[in-house]
Structures are given as C-alpha cells and as structure tokens.
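Given the structure is predicted, the values throughout are model-derived calculations rather than measurements. Counting starts at 1 for both ligands and their atoms, in listed order. Residue numbers count from 1 along this sequence.
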Amino acid sequence: MNLPFIDLRAQYQALQPKIQARINAVLEHGQYIMGPEVQELEERLAAYTGARHCITVASGTEALLISLMALGIGLGDEVITTPFTFVATAEAIVRLGAVPVFVDIEADTCNINASLIEEAITTKTKAIIPVSLYGQTADMDEINAVAARHGDIPVIEDAAQSFGAVYKGRKSCNLSTIGCTSFFPSKPLGCYGDGGAIFTSDEGLAQACREIRVHGQSKRYVHTRIGVGGRMDTLQCAVVLAKLDRFDWEIEKRQEIGDRYNRMLDKNNFSRILQQPDRTSVFAQYTILSKDREKIQVALKREGIPTAVHYPIPLNNQEIYRSLYLHTPTPVAENTAKLVISLPMSPYLQNNHVDKIVAILCQC
Ligand SMILES: *Cc1c(COP(=O)(O)O)cnc(C)c1O
C-alpha cells in the first residue's frame with residue numbers, strides 16, 4: 001500500500017472541472033487582490049456558520065493575530081489558552097507582547113479543560129483562546145459562561161481544525177466573540193496555498209478586522225490603526241468556493257470513517273479521542289492514544305501507511321516559550337503528548353484501508 005496521510009489528489013480529481021472553471025474565471029477577470037470571489041466566499045461562509053460577518057485573511061495564524069489586534073490586546077496582557085495545540089495559537093499572543101497562560105486539557109478529548117479556566121483568570125486576562133482540536137470544539141458554553149462571569153472576557157475559538165463541526169446545534173466559528181479558521185491545504189476545508197478567515201457577529205470587531213487586514217486603513221491611504229498585510233488572495237478564495245458545494249458530503253464521509261475507526265478500535269480496546277454526544281467532529285485528524293506509539297508507527301510505515309503526532313511537545317515545554325509564559329503545571333498535556341498518534345483520515349479513505357490499519361494495530 002502507498003496511502004497518503006490526507007488524500008488531496010482524490011479530492012482534486014473529484015472536483016477538477018469546478019476548480020479549473022473557478023481558477024480560469026479569476027485569470028480572465030484579473031482581479032487577483034480583493035476580486036469578486038473574496039466577497040462571494042465571505043458571504044457564503046458567513047451564511048454557512050451563521051455568523052454575521054466573515055473576513056477572509058492570509059492564513060489561520062493571521063486570523064488569530066488580527067483578531068487579537070482588533071480586541072486591542074498588547075504588552076503584558078494575559079491570554080488564556082491550551083498548551084496542546086499547533087504553535088500558531090500561542091505565537092499570535094506573544095507576537096503582540098501579550099502573555100499566554102496555559103491551562104491543562106481533558107485527557108479524553110484533549111481540548112482545554114473548561115473547569116480549570118476560572119482559577120487562571122486575573123485582572124490582566126484580556127482573552128481566552130480555546131482550540132477545537134482534531135475537529136471537535138471544546139466545551140464552548142462553559143467557557144463563554146466563565147468569561148461572562150468575569151466581565152465579558154472575549155473568547156476566540158481557534159477553529160483551524162474544526163470548520164463545519166457542530167456544537168449543541170450551532171456551527172464552529174459562530175460559538176463565541178470571534179472564531180478563526182484556516183484553509184491550509186490539509187485542513188478539512190483547504191485551499192491550494194495559505195488562507196484563513198475570521199468570524200464574528202460584532203459589527204465593531206468586524207470593521208476593525210477588515211481595516212487591520214489592509215494596513216489599518218479606513219479609506220485608501222488613510223491609516224487609522226496599526227495593521228498588517230493580511231489579505232487572502234482571490235485565487236485561493238476561488239479554490240475554496242469550488243470545494244464548498246461538496247463540503248457537507250465530505251464531512252459526512254469523514255464521520256462515517258471516524259465511526260468505523262471508533263467501532264473497530266473500541267472492539268479491540270484501544271484508547272482514542274472521545275467524541276462528546278452534544279457535538280460533532282469533522283475529524284481534521286483521527287487520533288488514538290497508545291503507550292506503544294513507536295511500535296505502531298514502525299509497523300504502519302512498513303506497510304506504506306503514514307502516521308503523524310499532533311503534538312509531540314506541549315507549547316509550555318518548547319524552549320523558546322519558557323521565558324514568555326506564566327508557569328503553571330499542565331500534567332495531562334505532558335502525558336498526552338507522549339501517547340497521541342494520528343492515523344490516515346480523508347473523505348476519500350476506503351473502508352478496506354481502515355480495516356487494514358486496525359488489523360496492523362492489533363498486531364502491535
Ligand atoms: C493549522 C492551525 C493554525 C494555523 O493555520 P495556518 O493557516 O497554517 O496559519 C492555527 N491553529 C491551529 C490549531 C491549527 O491547526
């Protein structure tokens with residue numbers, strides 16, 4: 001077997017005429033920056049999530065940075081987040097001179113433990129960034145309630161892995177003050193380069209994000225804020241538009257494959273990420289926990305099956321971050337980082353691939 005970890009080629013083959021027509025349309029009109037596809041995508045995505053505003057940006061990382069800037073977060077402010085995430089979550093915080101405060105995770109979902117947030121709040125806390133890890137949201141209502149009790153601290157959902165997921169009947173990216181997602185090619189809804197989006201129903205924040213995205217300008221060459229060069233280009237918006245019609249079908253497929261993995265692994269007593277009954281996962285990753293991680297990686301690799309570890313080192317153990325954050329122990333994150341291993345997942349993965357992967361796991 002020579003299985004891709006995420007099968008972008010099969011998706012391209014299924015959507016080829018649509019993708020090429022959309023790209024050709026951009027080449028014909030030539031508006032490569034802020035062309036009509038940008039607004040079209042923003043309207044479609046806002047409607048999809050239910051948020052009033054969508055602002056497309058250059059990447060998921062930029063979405064987090066611009067959101068924090070729009071909230072006025074800067075030097076010495078504290079931002080509560082999880083250490084068990086991709087580095088971009090904390091990077092956006094420290095880039096602004098703010099301080100990440102890492103709160104430990106739940107052992108079964110690997111998302112931030114909402115019940116530990118309150119004790120981490122101080123007078124300097126200016127935002128909370130839960131991450132919807134592996135495609136499943138954290139307990140957003142619990143987090144929103146804690147934030148509301150402490151003077152309405154803004155909550156930014158890092159939904160880079162969870163676009164399309166549902167929490168208590170509402171869509172990821174529309175669950176808190178701001179939602180940020182990524183269209184990095186391997187994310188559930190990916191483009192063919194870098195891209196991302198910010199979602200909010202707050203008019204003032206939406207306006208701030210729009211201006212910060214283009215060098216803080218309120219009108220051409222009138223700069224009323226400090227901004228960034230953070231636009232998503234028209235071609236990448238066109239690619240996402242081409243993929244959007246098939247996206248719900250792809251989510252269904254991901255969930256069917258996720259369920260199949262779940263059933264087979266449960267039968268064989270493997271430990272895996274738990275999906276909560278009040279929310280769905282879009283399975284950006286399908287992740288299990290095992291003390292035999294290395295053995296599993298070797299056995300799958302021998303059969304041409306790739307794996308990945310998301311993430312091997314919690315951010316508060318990264319050397320460069322040691323001097324930048326407030327030290328609180330996160331023993332669950334530390335232990336989990338030693339156990340997690342992600343298996344191949346894409347809407348185009350076949351049942352017999354899943355069966356083969358589980359059969360190999362059972363021999364480890
Ligand atoms: C991918 C990812 C990001 C960053 O998105 P980019 O588009 O690659 O900048 C941020 N947070 C999380 C949790 C991610 O998985």
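- A salt bridge does not link Lys253 to Glu250: none of the charged side-chain nitrogens sits closer than 4.0 Å to a carboxylate oxygen.
- Contact of the Val101 side chain with the Val79 side chain is not registered, since no non-hydrogen atoms from C-beta on lie closer than 4.5 Å.
- For Arg22, the side-chain hydrogen bond (donor to acceptor under 3.5 Å, both in side chains) partners two or more places apart in sequence, or in a different chain, are Glu40.
- Among residues at least two apart or in separate chains, salt bridge (Lys or Arg N to Asp or Glu O under 4.0 Å) pairs with a member in residues 215-237 are Glu211-Arg225.
- Near ligand 1, residues Ser59, Gly60, Thr61, Thr85, Phe86, Ala88, Thr89, Val131, Asp158, Ala160, Gln161, Ser182, Phe184, Lys187, Gly195, Tyr311 each place a heavy atom inside the 4.0 Å sphere around the ligand atoms.
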Inset, instruction - Quick one: do Asp141 and Arg170 satisfy salt bridge (charged side-chain N to carboxylate O under 4.0 Å, His left out)? Show the steps, please. - result: CA-CA 11 Å; Asp141 278 355; Arg170 287 131 59 207; 3.2 Å; yes

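- Note on residues 7-20: pairs passing salt bridge (Lys or Arg N to Asp or Glu O under 4.0 Å), not counting sequence neighbours, are Lys18-Asp245.
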